[in-house]
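For reference, the structure is listed below as structure tokens.
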Amino acid sequence: MRTSLRVLVPGALAILLASCSGEPSESDIANALQKAMNAEREQLEALGAGLMGKSAPNPMSGMLDIRISDVEKIGCQESGKNSYSCDVRYKVSGGLAGSDGRSMSAPVRMISASEGWVVSGN
């Protein structure tokens, strides 16, 4: 029993420490990028509805349907309390990017907020 505890306890501690590394995971970044893109779309749709009326079709609606995929976290560095600057590669498709999409690389500032990881605008 003691031998199994000597193996299990350090393994469990290693898993706990790895999960508390602090920086966002690839899935955290992917979710935050898509949420930010959806929020931008909602703001632009509301602006269009305000300018043209709610019942009028929004000519920009097709351009606003943008999806983020194939997110690859290259690396992150701490950039303040609860924030990281992450170099990321991802694919943008839909809207002006077209159905085939295009690959992009960009630094993304991530902040750990009460609702989870979010993309910071600055």
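Along the sequence shown, residues are numbered consecutively beginning with 1.
Nearest heavy atom pair, residue E23 against residue W117, reads C-CZ2, 4.0 Å.
Here the CD atom belonging to E42 is positioned 10.5 Å from the CD atom belonging to E40, to the nearest 0.5 angstrom. Atoms OG and CZ, on S93 and R102 in that order, are 11.0 Å from each other to the nearest 0.5 Å. One finds the CD1 atom of I29 at 12.5 Å from the CZ atom of R89 (value rounded to the nearest 0.5 Å). Here the SG-CD1 distance, from C86 to I74, works out to 10.0 Å after rounding to the nearest 0.5 Å. The line from CD1 of I68 to OH of Y90 is 5.5 Å long, rounded to the nearest 0.5 Å. Rounding to the nearest 0.5 Å gives a distance of 8.5 Å between OG of S112 and CG of D28.
Side-chain contact of Q34 with N38: a donor-acceptor pair under 3.5 Å is present, judged by distance alone.
Evaluated for a side chain to side chain contact (heavy atoms under 4.5 Å, CB included) with M110, the options N82, V88, V119 yield exactly one hit, V119.
When the side-chain contact (heavy atoms from CB on, under 4.5 Å) test is applied to E26, the partners found at least two apart in sequence or on another chain are E72, K73.
Summarising the local packing, CD of Q77 is surrounded by 12 or fewer heavy atoms from other residues, nucleotides or ligands at distances under 6.0 Å.
The hydrophobic cluster containing V108 also contains I66, counting ILVMFWY residues as joined when their side-chain heavy atoms lie under 4.5 angstrom apart, directly or transitively.
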Let's go through S83 and R109 carefully: what are the C-alpha distance in whole Å and the side-chain angles of both, what is the deciding distance for side-chain hydrogen bond (donor to acceptor under 3.5 Å, both in side chains) to 0.1 Å, and is it a yes or a no? CA-CA 7 Å; S83 69; R109 185 155 187 254; 3.2 Å; yes
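Under a 3.5 Å cut-off, the side chain of K91 and the backbone N or O of D100 do form a donor-acceptor pair.
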